[in-house]
There are 2 protein chains.
Amino acid sequence: MESRIDRIKKQLHSGSYKLTPQREATVRVLLEHEEDHLSAEDVFMLVKDKAPEIGLATVYRTLELLTELKVVDKINFGDGVSRYDLRKEGAAHFHHHLVCIECGAVDEIQEDLLEDVEKIVERDWNFKVKDHRLTFHGICWRCHDKTEDKSENE
Amino acid sequence: MESRIDRIKKQLHSGSYKLTPQREATVRVLLEHEEDHLSAEDVFMLVKDKAPEIGLATVYRTLELLTELKVVDKINFGDGVSRYDLRKEGAAHFHHHLVCIECGAVDEIQEDLLEDVEKIVERDWNFKVKDHRLTFHGICWRCHDKTEDKSENE
DNA sequence: GTTTATGCAAACTATTTGCACTTTA
DNA sequence: TAAAGTGCAAATAGTTTGCATAAAC
């Protein structure tokens, strides 16, 4: 059976990009940190274990390439750092994010949720939606539970 | 009758911030470009007409201050530049954006549209929503009309 | 053997900060 | 006049680029 990494390799090939050890190592790091929101620097540090000679510029170039291939999505949560988020395989759209303003945690929402909103945008604004970015800022369940003084005793 | 700028001045005062000519000039520029999505550099260029001695650092400091006071919202459309967008007076939430991938135009949606989605997020993810960022990427009505070969004759 | 990719260092861009001086309240 | 704000220049941080070398196909 074909693995996720094999399919990404094929995508590289069909774009007539070469399959280098640096690219493969970078993809592996992303797959191993699917839940995280790594910056280029984060990826660089992690990928150095697998390919110690790699340069930061190569990481940037690879991440740009993977963004182009829609393997990852580039996102920015407001600190001036771009983060790279593996797109769920076969996902038509980018998933959504919950950023906690207390602890900084970033959680993901894979559910679409925007189907109706996009229909309205297409109809009322005559705008052909190709992709979206949706981020909620607020208090996550962990921080919510923490500050709550057990008012919900049964 | 009290004007928008007077109310913003009061907000500054009640935060015990001083009202300097540089700050007033910056606010005026933002008010005069309510529809735009100006970068700090853009604001700097425009504000120089009103206050030629102003420095770029002051513009950055003022924009940060206005963000804190929720007079403006800071947003990033993916080029590495922060843009500052005047919040509609009395608006509970930040408005949404339509970014055209053809021509780069940025249009605004003032309608909420996310009420239902936020209810779901609060209920199903136990996340207390305080604010959001929603941007659609796609083809705007202008570019859509341009490329369309008149297939919609009556 | 060509073309494409890499690593390094230098360049660039957006933003922040330190500090002496000025202004506001 | 005390506290806060300003302008300038230097520092910082993230990202990009030029180029000689190396690897993939």
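Proteins get letters first, then strands, A, B, ... in listed order; numbering begins at 1 in each. No hydrogens, no waters, no symmetry mates; every other heavy atom, side chains included, goes into these values.
For B/K88, the NZ atom counts as densely surrounded, since its 6.0 Å shell holds more than 12 non-hydrogen atoms of other residues, nucleotides or ligands.
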Using the rule given for side chain to side chain contact (heavy atoms under 4.5 Å, CB included), can you reason through A/Y84 versus A/L38, listing the C-alpha separation, both sets of side-chain angles and the distance that settles it, and then say yes or no? CA-CA 6 Å; A/Y84 298 85; A/L38 305 174; 5.8 Å; no
Mind running side chain to side chain contact (heavy atoms under 4.5 Å, CB included) on A/L65 and A/L12 for me, showing each step along the way? CA-CA 9 Å; A/L65 177 55; A/L12 281 166; 3.8 Å; yes
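Applying a 4.0 Å cut-off to non-hydrogen atoms, the residues of residues 50-65 of chain B that approach DNA chain C are B/L56, B/A57, B/Y60, B/R61, listed by residue number. Within residues 17-42 of chain A, the residues having any heavy atom under 4.0 Å from DNA chain C are, by residue number, A/Y17, A/K18, A/T20, A/Q22, A/R23.
Evaluated for a side-chain contact (heavy atoms from CB on, under 4.5 Å) with B/Q22, the options B/R61, B/E53, B/K50 yield exactly one hit, B/E53.
Contacts of A/S16 with the nucleic acid, taken as non-hydrogen atoms under 4.0 Å apart, are absent.
B/I101 forms part of a hydrophobic cluster together with B/I139, judged by ILVMFWY side-chain heavy-atom separations under 4.5 Å. B/W141 belongs to no multi-residue hydrophobic cluster, having no ILVMFWY side-chain contact under 4.5 Å with any other such residue.
Take B/F94 and apply the ring pair (Phe, Tyr, Trp, His ring centres under 6.0 Å) test, not counting sequence neighbours, and it matches B/H97. With sequence neighbours excluded, no residue forms a salt bridge (Lys or Arg N to Asp or Glu O under 4.0 Å) with A/K119. The salt bridge (Lys or Arg N to Asp or Glu O under 4.0 Å) search around B/D79 returns B/R83, not counting sequence neighbours.
Read 5' to 3', the first and last nucleotides of DNA chain D with an atom closer than 4.0 Å to a heavy atom of chain B are D/dA3 to D/dC8. Nucleotides of DNA chain C with any atom under 4.0 Å from a heavy atom of chain A span, from 5' to 3', C/dT3 to C/dC8.
Comparing the start and finish of the helix from C/dG1-D/dC25 to C/dA25-D/dT1, five pairs each, the helix axis swings through 40°, to the nearest 10 degrees.
A/I109 and A/V99 are assigned to two separate hydrophobic clusters, defined by single-linkage of ILVMFWY side chains at heavy-atom distances under 4.5 Å. Hydrophobic cluster membership is shared by A/V29 and A/Y60, with clusters built from Ile, Leu, Val, Met, Phe, Trp and Tyr side chains linked at under 4.5 angstrom.
Salt bridge status for B/D131 with B/R87: present, with a side-chain N to carboxylate O gap under 4.0 Å.
By the 30° and 60° cut-offs, the orientation of the rings of A/H93 relative to A/H132 is parallel.
Applying the salt bridge (Lys or Arg N to Asp or Glu O under 4.0 Å) test to every pair with at least one member in residues 89-115 of chain B, sequence neighbours left out, gives these pairs: B/R4-B/E89, B/R7-B/E89, B/D107-B/R142. Sorted by first then second residue, the ring pair (Phe, Tyr, Trp, His ring centres under 6.0 Å) pairs that include residues 102-131 of chain A, not counting sequence neighbours, number zero.
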